[in-house]
Amino acid sequence: MAAMEIDTEKNLQRKQSTYQSLDETFEIQNETYRGQQYSQIYFARLHTMRTLLYSLVTHWKPHVPDDHLVLEDESGRVKLGGTVLSPSVYVTGVVVALHGKETGAGDFMVLDVLEAGLAPQIEPQLKSREDKYVVFISGVNAGSSLSNPLQFQLLVDHITGHLGDEKEQGIAAEIVHVVIAGNSVEIPLGLLNGQNLASKDQSRLSEPVQELDILLTQIAAGVPVDIMPGSNDPANFCLPQQPLNRWLFPGSRAYNTFRSCTNPHCFELAGVRILGTSGQNIDDLKKYSEGKDELEFMERTLKWRHLAPTTPNTLGCYPFTDRDPFLIESCPHVYFVGNQDKYGTRILKGSEGQLVRLISIPKFCNTGMVVVLNLRNLECHTLSFGTQFSL
């Protein structure tokens with residue numbers, strides 16, 4: 001158990017929490033690429049979802065009767081029983097069932113759409129009567145022009161209990177886990193032109209990672225920390241992204257509290273199942289469909305039971321032959337997405353009593369903001385860190 005060194009008569013003891021990684025689904029192990037086509041992952045998705053949707057049909061209550069007239073408004077959107085269904089809600093790769101009838105002209109008139117809905121959810125073990133917090137960070141982008149090392153150092157000092165008065169240090173002692181959701185560094189890609197690098201350019205490439213490792217080492221010395229790769233990080237491009245090489249972090253890897261994880265990342269903490277990505281899946285959905293905010297896109301992926309439906313069409317993914325790792329078989333209690341423009345959160349309720357805390361994590365380098373989740377009641381709030389100097 002890690003003790004927090006605080007200048008008081010007694011040392012505060014950091015709270016602990018049980019942890020279980022569930023990343024096995026997203027790990028590429030013993031996979032052999034033999035020139036397979038992406039049609040195989042589509043087949044696996046279609047086969048699984050078709051069986052699921054078929055089992056749900058008997059319990060389905062259509063929103064409109066069979067003889068309801070289906071009209072189109074001026075924008076071409078389909079009206080179902082007074083409800084407007086915009087085609088821009090759905091994207092390629094989503095598997096749904098259509099309810100309708102054949103017209104005299106031989107066309108199929110769609111009257112309603114059946115989505116899979118939220119997956120079954122295990123009962124959360126919210127038995128703890130004490131507050132325990134998880135801190136979510138994304139978009140640190142160490143090495144970029146927007147990165148502020150002092151700003152991140154303030155966050156590190158808060159997490160490790162070296163900032164604030166005794167009350168604030170007591171709150172810091174209740175932080176049991178830290179999750180860094182992608183885009184932790186920004187590598188100067190202009191140097192990667194296929195030519196041999198000069199020694200000074202080699203150091204420029206490694207400096208952002210070294211800067212990050214110094215800060216992560218301070219966190220890992222007292223708190224378990226998970227780091228996920230993102231689109232800007234030195235990892236494979238296609239989803240699921242595999243863990244960042246631990247040898248990139250010589251200081252952090254010395255601690256068993258440091259974990260390099262996949263993207264997407266799934267784990268259980270104190271009986272609470274948490275699932276999240278570094279943001280690529282939601283960013284791609286925003287390109288090809290419409291929604292009022294990131295939380296709406298997140299909600300859709302849960303109801304479609306698929307984390308990244310646009311893979312492999314417009315979002316790169318590994319060509320799996322016999323499975324689709326992005327299918328959601330168990331509904332999480334917390335679903336987070338990193339590297340978004342702004343913070344957002346709400347509770348999503350399912351038809352079978354499922355409750356999911358949705359969290360949109362803003363980019364730290366732009367906002368200086370992190371998200372804090374209370375494992376006791378799944379309530380969350382933000383912490384903002386800033387630096388301002390006046391002459």
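Not measured: the values here are computed from a predicted model.
- D131 and N374 form a side-chain donor-acceptor contact under 3.5 Å, judged by distance and modelled atom types alone.
- Using cut-offs of 30° and 60° for the angle between ring planes, the H47 and F43 rings count as parallel.
- For L146, the side-chain contact (heavy atoms from CB on, under 4.5 Å) partners are S144, C365, N366, not counting sequence neighbours.
- Checked by atom type and distance alone, the side chain of S260 pairs as donor or acceptor with a backbone atom of L244 at under 3.5 Å.
- Looking at V91 and W304, their side chains come closer than 4.5 Å, going by heavy atoms from C-beta outward.
- Using a 4.5 Å cut-off on side-chain heavy atoms (C-beta onward), C266 and T25 make no contact.
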Checklist entry - Is there a side-chain hydrogen bond (donor to acceptor under 3.5 Å, both in side chains) between N339 and S278 once you walk through the steps? => result CA-CA 6 Å; N339 296 291; S278 295; 4.9 Å; no
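- Taking 4.5 Å as the limit, some side-chain heavy atom of R346 sits within range of a side-chain heavy atom of D293.
- In terms of heavy-atom proximity, S289 sits nearest to F297 at OG-CE2, 3.2 Å.
- A distance of 11.5 Å separates CD1 of I359 from OG of S138, quoted to the nearest 0.5 Å.
- Rounding to the nearest 0.5 Å gives a distance of 8.0 Å between CG of L239 and CZ of F237.
- The aromatic rings of F267 and H177 sit parallel, their planes meeting at an angle under 30°, below the 60° perpendicular limit.
- No chain of hydrophobic side-chain contacts below 4.5 Å, direct or via other Ile, Leu, Val, Met, Phe, Trp or Tyr residues, connects L373 to I122.
- Side-chain contact check for N141 and S147: no donor-acceptor pair (N or O, by modelled atom type) lies under 3.5 Å.
- Within the structure, every pair that satisfies the salt bridge (Lys or Arg N to Asp or Glu O under 4.0 Å) test and touches residues 236-264, not counting sequence neighbours, is listed here: D226-R259.
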Next on the checklist: Run L212 and F249 through side-chain contact (heavy atoms from CB on, under 4.5 Å) and show every step you take.
Outcome noted: CA-CA 8 Å; L212 178 66; F249 309 101; 3.8 Å; yes
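- With hydrogens and angles disregarded, a donor-acceptor distance shorter than 3.5 Å links the side chain of R305 to the backbone of G117.
- The side-chain heavy atoms of F320 and P325, taken from C-beta on, include a pair separated by under 4.5 Å.
- Sorted by first and then second residue, the ring pair (Phe, Tyr, Trp, His ring centres under 6.0 Å) pairs with a member in residues 334-356 read F136-F336; sequence neighbours excluded.
- Checked options I347, V334, L302; the residue passing with L358 is L302 (criterion: side-chain contact (heavy atoms from CB on, under 4.5 Å)).
- For the pair N232 (side chain) and I187 (backbone), a donor-acceptor distance under 3.5 Å is absent.
- If you take CD on E130 and OG on S17, they are separated by 9.5 Å, rounding to the nearest 0.5 Å.
- Connection of M49 to V57 is established within a shared hydrophobic cluster, with ILVMFWY side chains joined at heavy-atom distances below 4.5 Å, either directly or through further cluster members.
- Note: the hydrophobic cluster containing M298 does not contain L355 (ILVMFWY, side chain heavy atoms under 4.5 Å, direct or indirect links).
- A heavy-atom distance below 4.5 Å is found between the side chains of L118 and K303.
- Every residue meeting the side-chain hydrogen bond (donor to acceptor under 3.5 Å, both in side chains) condition with N148, not counting sequence neighbours, appears here in chain and number order: T387.
- Within the structure, ring pair (Phe, Tyr, Trp, His ring centres under 6.0 Å) pairs that include any residue of residues 356-380 comprise F152-F364 (at least two apart or interchain).
- Remark: the E24 side chain and the Q29 side chain contain no N/O donor-acceptor pair separated by less than 3.5 Å.
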Next on the checklist: I'd like to know whether M228 forms a side-chain contact (heavy atoms from CB on, under 4.5 Å) with I180, so could you lay out the CA-CA distance, the side-chain angles of the two residues, the decisive distance to 0.1 Å, and finally the verdict.
Outcome noted: CA-CA 6 Å; M228 302 162 54; I180 302 178; over 6 Å; no
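- R14 and I175 get closest at one heavy-atom pair: NH1-O, 2.8 Å.
- With salt bridges taken as basic N to acidic carboxylate O contacts below 4.0 Å, one links E294 and K286.
- The shortest distance between side-chain heavy atoms of V356 and Q121 falls below 4.5 Å.
- In terms of heavy-atom proximity, P264 sits nearest to D23 at O-OD1, 4.0 Å.
- In this structure, Q16 contributes its side chain and V176 its backbone to no donor-acceptor pair below 3.5 Å.
- There is a path of hydrophobic side-chain contacts, each under 4.5 Å, that joins L348 to L285.
- Of the N and O atoms on the side chains of D233 and Q241, not one donor lies less than 3.5 Å from an acceptor on the other residue.
- Note that CD of Q354 is 5.5 Å distant from SG of C331, once rounded to the nearest 0.5 Å.
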Next on the checklist: Test side-chain contact (heavy atoms from CB on, under 4.5 Å) on I282 and T301; report intermediate values, then the result.
Outcome noted: CA-CA 9 Å; I282 300 302; T301 59; 4.3 Å; yes
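- Panel note: side chain H265, backbone G276; no donor-acceptor pair is recorded below 3.5 Å.
- Minimum heavy-atom separation, N263 to Q280: ND2-OE1, 3.1 Å.
- The aromatic rings of F326 and H306 sit tilted relative to each other, their planes meeting at an angle between 30° and 60°.
- In the hydrophobic clustering of ILVMFWY residues, with side-chain heavy atoms under 4.5 Å counting as a link, I214 and L248 come out apart.
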Checklist entry - Passes side-chain contact (heavy atoms from CB on, under 4.5 Å), D213 versus Q210? Steps please. => result CA-CA 5 Å; D213 182 43; Q210 292 174 353; 5.6 Å; no
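- Side-chain contact between S360 and V337: absent, with no pair of heavy atoms (C-beta onward) separated by less than 4.5 Å.
- With hydrogens and angles ignored, the 3.5 Å screen pairs no side-chain donor or acceptor of D112 with any backbone N or O of H99.
- No side-chain heavy atom of Y318 sits under 4.5 Å from any side-chain heavy atom of I41.
- Screening V371, I137, V370, V135 against L383 for a side-chain contact (heavy atoms from CB on, under 4.5 Å) leaves a single residue, V370.
- Within the structure, salt bridge (Lys or Arg N to Asp or Glu O under 4.0 Å) contacts touching residues 41-56 (residues at least two apart or in different chains) are R45-D324.
- Between the side chain of Q242 and the backbone N or O of I28 there is at least one donor-acceptor pair closer than 3.5 Å.
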